[in-house]
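The block underneath contains the structure these notes are about, expressed in structure tokens.
Numbering of residues begins at 1 and proceeds along the displayed sequence. The figures here come from the full heavy-atom set of this structure, side chains too, leaving out hydrogens, waters and symmetry mates.
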Amino acid sequence: MIVLSRSVSLADNEVELSAIRAQGAGGQHVNKTSTAIHLRFDINASSLPPFYKERLLAASHHLITAEGVVIIKAQEHRSQEMNREAAVQRLINLIQELTTVEKVRRATKPTHGSKVRRLEGKTRRSNVKAMRGKVQ
């Protein structure tokens with residue numbers, strides 16, 4: 001069970017995990033073990049609420065294909081279990097990041113007091129600079 005929030009969670013069978021060989025430099029160990037994890041998650045076939053599905057499918061993210069499948073490859077760690085946890089955590093972070101609703105920014109105006117304070121400061125600074133001139 002993958003918990004996304006208090007009310008939303010995913011069943012383990014909705015996420016397809018497969019072990020593959022990791023890329024890059026290594027040694028004898030890397031040539032014979034499959035430590036990297038390839039995670040596939042189909043958004044349309046999932047049990048996510050409609051709001052989540054709409055937000056995920058509307059997002060243009062490099063991990064989401066045009067068909068609505070999230071593909072994550074984790075190969076940062078040397079053990080398969082740690083890569084599995086990393087891939088699932090990246091999926092959780094992706095879903096949470098794309099489904100958060102940002103607050104609407106409301107434009108505000110400066111108060112009368114702040115305008116007065118700003119102008120008084122400018123006049124004070126102007127007087128200080130005017131006093132630096134030559135004495136006549």
Side-chain angles (χ1 to χ4, degrees):
M1 183 71 69
I2 301 170
V3 179
L4 299 171
S5 68
R6 284 188 221 155
S7 59
V8 180
S9 61
L10 293 172
D12 290 332
N13 61 355
E14 293 184 38
V15 177
E16 180 186 324
L17 295 166
S18 56
I20 57 174
R21 291 205 178 138
Q23 294 176 326
Q28 296 170 349
H29 178 71
V30 78
N31 296 330
K32 58 187 178 185
T33 55
S34 300
T35 55
I37 294 293
H38 199 255
L39 180 143
R40 294 177 65 85
F41 173 67
D42 190 1
I43 298 169
N44 293 317
S46 68
S47 63
L48 287 174
F51 168 74
Y52 277 59
K53 287 183 182 182
E54 289 170 12
R55 291 293 297 256
L56 289 171
L57 292 172
S60 61
H61 199 275
H62 70 280
L63 295 175
I64 303 174
T65 64
E67 294 81 36
V69 178
V70 178
I71 299 174
I72 296 174
K73 183 179 181 184
Q75 60 180 6
E76 299 87 31
H77 306 284
R78 289 183 62 169
S79 77
Q80 192 179 94
E81 189 55 41
M82 289 179 73
N83 281 331
R84 182 176 286 115
E85 290 173 12
V88 171
Q89 189 58 48
R90 281 169 53 189
L91 175 68
I92 292 170
N93 291 344
L94 173 75
I95 294 173
Q96 288 175 346
E97 174 188 325
L98 294 178
T99 55
T100 53
V101 180
E102 295 178 6
K103 285 186 179 179
V104 178
R105 185 190 180 283
R106 291 182 182 85
T108 58
K109 294 181 180 177
T111 62
H112 177 69
S114 67
K115 287 180 185 176
V116 169
R117 284 190 297 274
R118 182 178 65 86
L119 293 175
E120 284 175 354
K122 288 170 82 72
T123 340
R124 206 176 308 117
R125 191 74 185 151
S126 171
N127 292 337
V128 167
K129 288 192 171 194
M131 297 297 287
R132 290 184 185 158
K134 287 188 177 180
V135 178
Q136 295 176 352

For a quick test of your reading: what N or O donor-acceptor pairs under 3.5 Å do the side chains of residues 105-113 make, sequence neighbours left out?
{"from": "Thr111", "atom 1": "OG1", "to": "Ser114", "atom 2": "N", "distance (Å)": "3.2"}
{"from": "Thr111", "atom 1": "OG1", "to": "Ser114", "atom 2": "OG", "distance (Å)": "3.2"}

Connecting only ILVMFWY residues whose side-chain heavy atoms lie within less than 4.5 Å of each other, what is the rest of Val104's hydrophobic cluster?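 Members alongside Val104: none; it stands by itself.
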In Å, rounded to the nearest 0.5 Å, how long is the span from [atom1] of [X] to [atom2] of [Y]?
X	Y	atom1	atom2	answer
Thr33	Arg21	OG1	CZ	7.5 Å
Leu10	Met1	CG	CE	9.0 Å
His77	Thr35	NE2	OG1	11.0 Å

In chain order, what residues pass the salt bridge (charged side-chain N to carboxylate O under 4.0 Å, His left out) check against Glu76, with sequence neighbours excluded?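 So Glu76 forms a salt bridge (charged side-chain N to carboxylate O under 4.0 Å, His left out) with Arg90.
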Output side-chain donor-acceptor pairs under 3.5 Å for residues 117-132, partner residues at least two apart or in another chain, one line each.
{"from": "Thr123", "atom 1": "OG1", "to": "Leu119", "atom 2": "O", "distance (Å)": "2.5"}
{"from": "Asn127", "atom 1": "ND2", "to": "Thr123", "atom 2": "O", "distance (Å)": "3.4"}

Are [Y] and [X] connected in a single hydrophobic cluster, I mean Ile/Leu/Val/Met/Phe/Trp/Tyr linked by side-chain heavy atoms less than 4.5 Å apart?
X	Y	value
Ile2	Met82	no
Val101	Leu98	yes
Leu63	Ile20	no

Looking at residues at least two apart in the chain, or sitting in another chain, which of them share a side-chain hydrogen bond (donor to acceptor under 3.5 Å, both in side chains) with Gln75?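 Once residues adjacent in sequence are excluded, Gln75 has no partner under the side-chain hydrogen bond (donor to acceptor under 3.5 Å, both in side chains) criterion.
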Applying side-chain hydrogen bond (donor to acceptor under 3.5 Å, both in side chains), name anything that partners Ser47, two or more places apart in sequence or on another chain. Glu14
Can you find a pair of side-chain heavy atoms, one from Ile95 and one from Val8, that are under 4.5 Å apart? no
Return the minimal non-hydrogen interatomic distance between Ala87 and Ile37, and the atom names on each side.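 Closest heavy-atom pair between Ala87 and Ile37: CB-CG2, 4.2 Å.
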Identify, with sequence neighbours excluded, every residue that meets side chain to side chain contact (heavy atoms under 4.5 Å, CB included) alongside Ile71. His38, Arg40, Thr65, Val69
Contacts table for residues 48-56: side-chain donor-acceptor under 3.5 angstrom, sequence neighbours left out:
{"from": "Lys53", "atom 1": "NZ", "to": "Asn44", "atom 2": "O", "distance (Å)": "3.3"}
{"from": "Lys53", "atom 1": "NZ", "to": "Ser46", "atom 2": "O", "distance (Å)": "3.0"}
{"from": "Arg55", "atom 1": "NH2", "to": "Thr100", "atom 2": "O", "distance (Å)": "3.3"}

Applying side chain to side chain donor-acceptor pair (under 3.5 Å) as the test, list every pair that has at least one member in residues 78-89; sequence neighbours left out. Gln80-Arg84, Glu81-Arg84, Gln89-Asn93
